[in-house]
Amino acid sequence: MIRKEEIDKIIEGYDTSKIKIATICSHSALQLFYGARQEGFETIGICEKKRKETYEAFPLGKPDKFIMVDNFKDILDEKYTELLRKQNAIMIPHGSFVEYVGPENLENKFLVPIFGNRKTLEWEGSREKQKEWLGKAGLVLPKEFKNSSGINKKVFIKLSGAKGGKGFFTVSSKEELRKKLAERVNNGTIKKEDSNNITIQEFVSGVRYYIHYFYSPLYKNGTLAGEGRVELLSMDKRIEPIDESYRGLPEIPQEFFDYTVTGNQPIVIRESLLPELIKFGINVINTSIKLFPPGIIGPFCLETIYHPARGFITFEISARIVAGTNLYPQGSQYSCYIFNEPMSTGRRIAREIKQGIIRGELRKIIF
Ligand code: AMP
């Protein structure tokens, strides 16, 4: 585990007038570079050859400097981490960063200051830990079945290696589960060992809301949480191929039974439901501070299903910037009530870093 003191020492050696914001060119990088630029930072993009054109195509969303790698994982090489430190870089973790580099490597090998608490990634990466965190925060979670013999209604099968819902499916009985798992192992969709490592969750029907929060330990006006404040910056609804099944097609092709996120839609929520969401944000922050001090710093997303009789059921937390925030590079229907200027989550991160520099409090937000 990279120790906080090591990072503090690196930051002490940084020229704070030349701090650069760096991330991997994927996921929410356009938004992050654009937001950092709005706050006056220079930016560095770690990029694979095949992706460079994409970023060149968006001059305001491309990084000032590219570091080209054959594979994102190469970023763990000392050659690159040293280069980033020399550039006074602060790395912003996002979903693809965590996926390509791996949470363990990030915690143990990647010796570059990152925005937010490194320990958060460990709590995000384990379903058990997520359950403990969200449960202690008082959120309602989907019921889980310890083994298949208890299945007595439609359940959702989550595979441990699955990224973004790929390969998830539903069944209504133990026999159906056995059959569907065997089919998938036979046709190579899932590995034999993964078929023993599944989560069986009740299938929750309802309306999905993905709520984007930000915890700032530096700002103390507004609604207090932890030693700072909670901000509800925006929300979205994900688009997944399975959504097409509701179009009433008589026969849904098998490949549409897929929960992979392919896009996002903007959304606002009935105003009388907002108090509950603010409360969730406060509780998740305060609980994180108890479980892994100083808790979750910066952006996170609660992934919920609103059931008309049961209220919000939270099935997951993303403990970093989520791609759904890409909808709002110019701010959202909620951020405009907090900031008198366009404020995306990407810009918000850069603003927090800027404030950390101005107030001499970078240590509170960089790990
Ligand atoms: P996840 O990888 O946990 O974000 O799940 C991917 C997608 O699966 C979500 O966006 C939902 O559409 C769906 N999903 C996850 N858990 C449940 C559940 N317990 N009940 C119904 N749908 C779910």
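Every number for a ligand or one of its atoms is a count from 1 in the order of the listing. Count residues from 1 along the sequence.
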Practice problem: For residues Tyr80 and Phe110, establish whether the separation of their ring centroids is below 6.0 Å. | Solution: no
Quiz item: Judged by modelled atom types alone, do Lys158 and Gln201 share a side-chain donor-acceptor pair under 3.5 Å?
Solution: yes
Practice problem: With heavy atoms under 4.0 Å as the rule, classify the contact between Ile305 and ligand 1 as side chain, backbone, both or neither. | Solution: side chain
Practice problem: Pull out every atom of ligand 1 sitting under 4.0 Å from any heavy atom of Lys158, numbered as shown with elements. | Solution: 3 (O), 15 (C), 16 (N)
Quiz item: At under 4.0 Å between heavy atoms, which part of Phe156 makes contact with ligand 1: side chain, backbone, both or neither?
Solution: side chain
Quiz prompt | Per-atom contacts, ligand 1 versus Gln201 - under 4.0 Å to a heavy atom | solution = 16 (N), 18 (C), 19 (N)
Quiz item: Would a line drawn from the ring center of Phe169 to the ring center of Phe257 be shorter than 6.0 Å?
Solution: no
Quiz item: Does at least one non-hydrogen atom of Thr170 fall below 4.0 angstrom from an atom of ligand 1?
Solution: no
Exercise. Report the member of Glu240, Lys143, Glu316 with the shortest heavy-atom distance to atom 3 (O) of ligand 1.
Key: Glu316
Practice problem: Would you mind listing which atoms of ligand 1 come within a distance below 4.0 Å of any non-hydrogen atom of Glu202? | Solution: 18 (C), 19 (N), 20 (N)
Quiz item: Where's the contact between Glu303 and ligand 1, heavy-atom distance under 4.0 Å: side chain, backbone, both or neither?
Solution: side chain
Self-check item: Phe168 and Tyr259 aromatic ring geometry - parallel, tilted or perpendicular at 30°/60° bounds
Solution: tilted
Quiz item: Do Ser234 and Gln333 have side-chain atoms, one donor and one acceptor, less than 3.5 Å apart?
Solution: no
Exercise. Run the numbers for me: atoms of ligand 1, each under 4.0 Å from some heavy atom of Arg208, listed by number.
Key: 10 (O), 11 (C), 12 (O)
Quiz item: With sequence neighbours left out, what residues match Arg178 under side-chain hydrogen bond (donor to acceptor under 3.5 Å, both in side chains)?
Solution: none
Quiz item: Counting from 1, what ligand 1 atoms have a heavy atom of Arg238 closer than 4.0 Å?
Solution: 4 (O)
Exercise. Could you tell me which residues satisfy ring-ring contact (aromatic ring centres under 6.0 Å, His included) with His212, sequence neighbours excluded, listed by chain and number?
Key: none
